[in-house]
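Structure first, commentary second.
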Amino acid sequence: MPGPSTKDPIVNLTLNGGRVTATFRDALFDATAREGISVNEFCLKAAAEKLAASGRQFSGVFSSGDLPRRGSMTDAAGNPTAQRGETSQCQ
């Protein structure tokens with residue numbers, strides 16, 4: 001499989017059917033509110049971290065280059081714009 005391209009198209013991703021415990025939901029909503037991002041963005045970033053940690057290659061999540069090079073959200077914790085990407089597609 002070829003490496004990621006800087007001109008990856010932006011595509012839709014529909015997720016549904018997620019059922020979780022109330023305490024997990026509360027913790028998730030609290031974390032997303034503190035970071036100023038949507039639950040969708042938070043979950044997709046977490047999935048991206050896991051994929052990057054397992055060696056998967058992709059150019060970014062919401063736009064090329066929006067995931068820190070080492071694949072960790074903590075690397076971008078001091079820069080919310082870098083963490084979210086300039087052109088987030090999740091609402």
Side-chain angles (χ1 to χ4, degrees):
M1 179 175 183
S5 167
T6 58
K7 297 207 181 217
D8 272 349
I10 300 298
V11 297
N12 291 328
L13 174 65
T14 303
L15 305 173
N16 56 34
R19 294 177 50 87
V20 298
T21 64
T23 54
F24 177 83
R25 183 190 62 195
D26 292 345
L28 179 61
F29 286 176
D30 181 59
T32 60
R34 289 176 188 274
E35 292 190 30
I37 61 176
S38 73
V39 171
N40 284 346
E41 287 175 305
F42 189 90
C43 292
L44 290 170
K45 286 286 215 178
E49 284 185 338
K50 186 168 183 152
L51 289 169
S54 70
R56 300 286 182 147
Q57 294 187 353
F58 47 93
S59 67
V61 181
F62 305 109
S63 62
S64 294
D66 67 351
L67 189 68
R69 291 222 183 260
R70 285 182 276 165
S72 171
M73 283 176 64
T74 57
D75 293 338
N79 186 347
T81 301
Q83 191 173 9
R84 292 178 59 197
E86 291 291 336
T87 58
S88 174
Q89 299 298 311
C90 287
Q91 300 297 322

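All values below come from the heavy atoms of this structure, side chains included, with hydrogens, waters and symmetry mates left out. Because the structure is predicted, anything quoted here is derived from the model rather than measured. Positions are given from 1, in the same order as the sequence printed here.
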Residue pair Phe42 / Thr32: nearest heavy atoms and the distance that separates them: CB-CG2, 3.4 Å

Shortest non-hydrogen contact from Ser59 toward Asp8: OG-OD2, 2.6 Å

Residues forming a side-chain hydrogen bond (donor to acceptor under 3.5 Å, both in side chains) with Arg34, sequence neighbours excluded: Asp30

With sequence neighbours excluded, residues passing side-chain hydrogen bond (donor to acceptor under 3.5 Å, both in side chains) with Asn12: none

Inter-residue atom distance Ser64.OG - Ile10.CD1, 0.5 Å rounding: 6.5 Å

Atom pair CG (Leu51) and CG (Leu44), whose distance is rounded to the nearest 0.5 Å: 10.5 Å

Run the side-chain donor-acceptor check on residues 13-28: report pairs under 3.5 Å with partners two or more places apart or on a different chain.
unit_1	atom_1	unit_2	atom_2	d
Thr21	OG1	Thr23	OG1	3.4
Thr21	OG1	Phe24	N	3.2

Side chain to side chain contact (heavy atoms under 4.5 Å, CB included) partners for Ser54, two or more places apart: Arg56

Donor-acceptor contact below 3.5 Å, side chain Asp66 vs main chain Val61: yes

